[in-house]
Amino acid sequence: MNHELETSATTLWHTALTDIGRAMQAAASAPVDLGATKPYDPLALMRTVSDFSMGLAANPAQLLQVQVEAMKEWGAFWGKAFSTPETGAEKPRDRRFASPEWEESPYFRAIRDAYLLASKQIRGLADIADKGDVPNAAMINFIVDQYLNAIAPTNYAMTNPDVVKRTIETGGANLAQGFAHLIEDVAAGKGIVRRRTTDVFEKGKTIAATPGSVVFQNHLFQLIQYDPTTPDVAAEPLLYVPPLVNKFYMIDLQPKSSLVKWLVDQGRTVFVISWVNPDERHRDCGVEQYVLDGIIEAIGQAREKSGADKVDLFSFCLGGTLVAVTLAWLQAQHRADEVNTATLIGSMVDFADMRDWSAFVHEAHLDALEAHLERQGFIDSTELQQLFAAVRSNDLIWSSVINHYLLDRDAPPSDLLYWFEDGARIPHAFLKSYNRGLLFSNALKEKTGFEVGGIEINLGAVNTPIFLIALKDDHVSAWSAVYDGGKLFGGPVTFVMGGSGHNAGVINPPTAKRHGYWTNDARPESAKDWLAGATQNEGSWWPAWDHWLSKHGSDARVAARTPVDPIEPAPGAYVAITH
């Protein structure tokens with residue numbers, strides 16, 4: 001090691017040891033909450049693993065067949081493990097193994113391929129077990145995924161070529177500094193790996209920065225109206241309904257990728273609901289309050305502020321489920337003409353197929369969650385982040401473990417991840433009414449009598465034109481499940497599938513020229529048949545949606561609407577509440 005490297009390594013070690021001392025002092029003084037409840041039932045996980053073992057025993061012939069096949073595969077594997085790969089052989093499509101050493105080095109290539117083969121076999125083993133009902137089956141798949149993601153060779157210093165190189169460069173100081181980061185995260189008591197990055201975003205300046213004003217507020221939300229940038233605008237204003245778990249500004253990230261700014265520039269009046277970050281005072285606010293005191297109130301305010309007879313609703317994820325319930329309530333109250341159209345993005349109304357999320361809609365977990373909520377009045381944003389991170393553990397847990405505990409490198413700034421980490425709480429009553437009333441019984445499909453304000457919700461009565469957008473790689477709302485949900489509405493539904501995942505697929509400005517989207521005017525029974533007949537289009541679905549809004553609007557233009565009697569500038573105070 002030359003003199004410059006020695007000096008650099010010494011400096012890094014000095015910093016690391018100082019940070020370790022500081023982190024250990026913080027950890028020693030951190031209080032331990034021995035009386036804490038859990039938002040899930042640990043015993044249910046243990047029972048599921050036990051049932052899984054019994055399920056394997058119930059299929060001895062298949063188990064023997066799997067074992068014999070595994071022996072053959074391992075024999076073939078070791079026969080060529082350290083030989084040169086065949087020319088033109090397909091490389092694994094797994095971005096965890098992107099470094100060239102995973103292909104060029106016989107040592108790392110053998111480790112990679114052994115892990116991938118073992119993963120395939122373990123998942124195959126899980127498939128043959130008698131796993132019982134859907135939640136149990138989903139829980140087994142979830143546990144298997146967590147195990148396989150955790151044991152990936154990329155997560156360990158000696159089996160990750162990037163970490164080996166970094167350790168040589170720093171003389172091991174990266175691992176010492178990573179240990180300090182680990183202690184800090186444990187001491188914080190949040191149960192998450194903190195994503196360390198340069199703080200380059202500031203709400204109202206570099207993110208959530210589209211000019212506008214808060215024009216109304218109540219105990220549940222602030223209503224933001226954005227400043228126009230065109231001399232005239234479409235007669236029908238847009239009103240956005242976000243989910244509760246995240247704050248509204250995913251659609252208003254950096255200006256270059258802001259959907260709000262793009263819509264304003266297309267000559268549309270845009271209103272946005274910014275939900276309050278609830279605390280114990282909102283304990284009793286359920287789905288009914290969020291629909292009536294939230295969305296219905298916002299519709300009335302947007303109509304009044306704009307002078308329009310009707311609004312176009314658009315929504316994302318859980319916000320779309322609430323919009324569907326709102327449309328049915330308005331229909332039953334003979335007030336459907338207050339809404340011109342509704343756009344639901346990545347939103348489920350038929351919960352028959354929740355994929356991995358079915359693991360959490362389990363009787364034991366729901367009981368544990370309700371007991372936990374009873375104690376504190378809401379589910380905390382950190383607990384929700386833990387849940388989402390577990391479902392996408394490679395992206396949201398293990399990538400940070402590698403970056404911050406092994407490599408000691410900051411993550412690149414990301415406006416989307418900044419938004420994701422700026423989570424919000426959900427009240428006790430809402431989760432109870434939503435989980436039990438909607439998810440567990442699949443009430444909107446099965447018509448089990450879910451009510452809002454004494455009105456039974458029936459999506460089949462909804463005649464409002466719907467623009468339904470699914471995302472191809474969505475891990476939260478599977479695109480085929482979103483497609484199936486569209487069948488529940490009584491009126492016309494236009495279905496479009498965008499590229500990418502649950503969040504990134506929404507933020508797809510036309511100038512980026514990425515992801516693409518699929519269209520098909522036919523509505524076959526199965527989502528698979530729809531996709532087989534669909535046309536793949538380049539670019540963003542935003543212009544196609546804007547065209548659909550114009551087609552279903554009055555085609556009238558009115559003078560640009562400027563916010564009147566503003567309360568405060570956008571993005572408003574509610575988006576800043578963290579206590």
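Side chains included, hydrogens not; waters and symmetry mates left out as well; all remaining heavy atoms used. We number each residue from 1, following the sequence as shown.
- A distance-only check finds no donor-acceptor pair linking the side chain of Arg561 to the backbone of Gly307 [under 3.5 Å].
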Stepwise ring pair (Phe, Tyr, Trp, His ring centres under 6.0 Å) test for Phe316 and His502:
CA-CA 9 Å; Phe316 172 60; His502 188 65; 4.7 Å; yes
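- Salt-bridge annotation for Arg95 and Asp395: present, with a side-chain N of the basic residue lying under 4.0 Å from a carboxylate O of the acidic one.
- The 12-atom threshold is not exceeded at NZ of Lys261, counting heavy atoms of other residues, nucleotides or ligands nearer than 6.0 Å.
- For the pair Ser526 (side chain) and Asp529 (backbone), a donor-acceptor distance under 3.5 Å is present.
- Other residues, nucleotides and ligands contribute more than 12 heavy atoms inside 6.0 Å of the NZ atom of Lys487.
- Taking the six-membered ring for Trp, Phe216 and Phe221 have ring centres closer than 6.0 Å.
- Counting heavy atoms from C-beta on, the side chains of Ile251 and Trp419 never come closer than 4.5 Å.
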From CA spacing to verdict: salt bridge (charged side-chain N to carboxylate O under 4.0 Å, His left out), Asp474, Lys472
CA-CA 6 Å; Asp474 197 328; Lys472 186 174 182 292; over 6 Å; no
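- The cationic group of Arg195 does not satisfy the cation-pi geometry with Phe420, failing either the under 6.0 Å distance to the six-membered ring centre or the 45° limit from the ring axis.
- Proximity of the aromatic rings of Tyr240 and Phe271 is defined here by a centroid distance below 6.0 angstrom, and this criterion is not met.
- In this structure, Phe495 has its ring center closer than 6.0 angstrom to the ring center of Trp530.
- Between Tyr249 and Tyr418, the angle of the ring planes lies from 30° to 60°, which puts this pair in the tilted group.
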Derivation and outcome, side-chain hydrogen bond (donor to acceptor under 3.5 Å, both in side chains), residues Glu236 and Ser554
CA-CA 8 Å; Glu236 293 81 18; Ser554 63; 2.8 Å; yes
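- Looking only at distances, a side-chain donor or acceptor of Ser441 sits under 3.5 Å from a matching main-chain atom of Gly437.
- The one candidate from Asn537, Thr535, Thr494 that meets the side chain to side chain donor-acceptor pair (under 3.5 Å) condition with Thr519 is Asn537.
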Walk me through whether Ser315 and Leu322 qualify under side chain to side chain contact (heavy atoms under 4.5 Å, CB included).
CA-CA 9 Å; Ser315 52; Leu322 295 178; over 6 Å; no
